[in-house]
Amino acid sequence: MVLEKYKNLLKYYLATKDEGALYRADQFSKRSLQQDISPDEIVQIHIDALQDLYPDLPEEMRLSLHFLLETMISYGIAHQEFRALREKQFELKSEIEVAANMQNTLLNTVIPDDGALDIGAISVAAHQMNGDYYHFINDQKNIGVAIADVIGKGIPAALCMSMIKYALDTFPANLSNPQTILQLLNRVVERNVEPGMFITMFYGYYNQEDHLFHYSSAGHEPGLFYHALSNTFEKIEAKGIVLGVQKDVTYQQYSKYLSIGDMVILFTDGVTECRRGDQFIQKEEIVDVIKEYIHLSAQEMVDQVYRYFERLQDFDLRDDFTLIILRRKY
Amino acid sequence: MMDNHFQSCIPIQKEWDIVAARQQGRDFSKQIGFGAVDQARIATAISELARNIYLYAQKGAICFEYIEDMEHKGIKIIASDEGPGISDISRVMEDGYTTSGGLGAGLPGIKRLMDHFDIYSEEGKGTEVTIQKWLR
Ligand SMILES: Nc1ncnc2c1ncn2[C@@H]1O[C@H](COP(=O)(O)OP(=O)(O)O)[C@@H](O)[C@H]1O
Ligand SMILES: [Mg+2]
């Protein structure tokens, strides 16, 4: 019985003042917690044990111990509430896990691996649900790539992304013009998302026959071009307002010829806004890290770059992280 | 031993009446045979209910009743008032809703302390909270 155990421990301690008894007291309290014994009950056990050991306890002592018991009652209630809240939290967490898995299935995209491009992509959520999104379209002749970022994290951002995915799905299959796609998406977002929520997006489209890469940006984090011949990186300049702010927007469209070995590097601000301590990393650092792994395949590169920044941030991402690399193979 | 219908009420109007209600509840639960921890818990629950009457309804009453069934005996406490009532009971029964903010306080805390908790409230008419605890 709990009282007997406690009494023996107390008796032993009073006789020996032994550290071993204190160690066992610590074990006792852990077991009591497991058995859901609350703080006020421990005080009661102490009072009962003491009265058993010292039947002639002075009245003041007895009363003052009772006084302690009374002051512990609210701690007992708090303890129970804490347990209930912890259970609730656990339930919530597993519910969100289910939602996150569902999201992964819904937003699943196949990375094209049969064309002129070597493609690597990685997207990791800072919390359980991802507010970044990427998508590939492969119609043999062309490869389309979309990358988007909801300003904000977590569940609202993730819900918003599902909308983008479904809007894209409803567009006709032969629609591949980046400019037009962003224009249509802007209309969807503007109509359906509450003010104050923004989505940035980059849409690119690569023609496997003439090797032109056409692209438009809706306020998205500028990516990088890599020129294999000169071994240099260049910022992808593309102007355009973020999705959902204005009603009717026309986006500019740009084109770039890709030589063999050239790369298009796309990411979200979870990559550029990586921090070392309180300091944002510099753009050059991204370039340096990519250079270090440039001999690898596109998928290995994005994986390695992610690992680098994951470590840099002490394995605790502050924002969703998405990185895509496309490299012309032949 | 007490008879089954023993009932007594303490009117709540002044802050000091909260103390009288606690005292009555403690004496009563002691007579029924509750241990020190349960006595203290019952007193705390009464305290919360009486304080709510004093704060939100200005006046009301706390009534005590001895109860028994085939196996056990226990205590039943009814706190009633004709104050403004509570419009959204589900809300106030959520953990963490209380204005006092802290853990473990308020109506959800009382519910945990007791074996039975019931609340009736109508806006503009008043509130009645019934709690019960069985002796084990
Ligand atoms: N008897 C009552 N009459 C009217 N409103 C009440 C009464 N009891 C509680 N309430 C309302 O319910 C809320 C929650 O009560 P409670 O859980 O005791 O927490 P707290 O009193 O700390 O706010 C109170 O803030 C009050 O608005
Ligand atoms: Mg209260």
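Chain letters run A, B, ... following the sequence lines, proteins first, then strands; residues in each count from 1.
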K.L.:
Looking only at heavy atoms, what is the nearest atom pair of A:L69 and B:A36, with distance?
P.N.:
CD2-CB, 3.8 Å

K.L.:
Please check if atom CZ in B:R51 has more than 12 non-hydrogen atoms from other residues, nucleotides or ligands closer than 6.0 Å.
P.N.:
no

K.L.:
Starting at CZ of B:R41, measure out to OG of A:S38 and round the result to the nearest 0.5 Å.
P.N.:
4.5 Å

K.L.:
Please walk me through it: do A:R83 and B:R112 pass side-chain contact (heavy atoms from CB on, under 4.5 Å)?
P.N.:
CA-CA 11 Å; A:R83 276 185 67 99; B:R112 285 214 178 82; over 6 Å; no

K.L.:
Counting only heavy atoms not in B:K111 (residues, nucleotides, ligands), do more than 12 fall under 6.0 Å from its NZ?
P.N.:
no

K.L.:
Tell me if the OH atom of A:Y75 is crowded by more than 12 foreign heavy atoms within 6.0 Å.
P.N.:
no

K.L.:
State whether the number of non-hydrogen atoms from other residues, nucleotides or ligands found under 6.0 Å of B:E82 atom CD is greater than 12.
P.N.:
no

K.L.:
Any idea which heavy atoms bring B:V37 and A:I73 closest together, and the distance?
P.N.:
O-CD1, 3.9 Å

K.L.:
Under a 4.5 Å cut-off applied to non-hydrogen side-chain atoms, are A:H66 and B:Q39 in contact?
P.N.:
no

K.L.:
Look at A:K88 together with B:E94 and state whether they make a salt bridge at an N to O cut-off of under 4.0 Å.
P.N.:
no

K.L.:
Are more than 12 heavy atoms, taken from residues, nucleotides or ligands other than A:F67, located less than 6.0 Å from that residue's CZ atom?
P.N.:
no

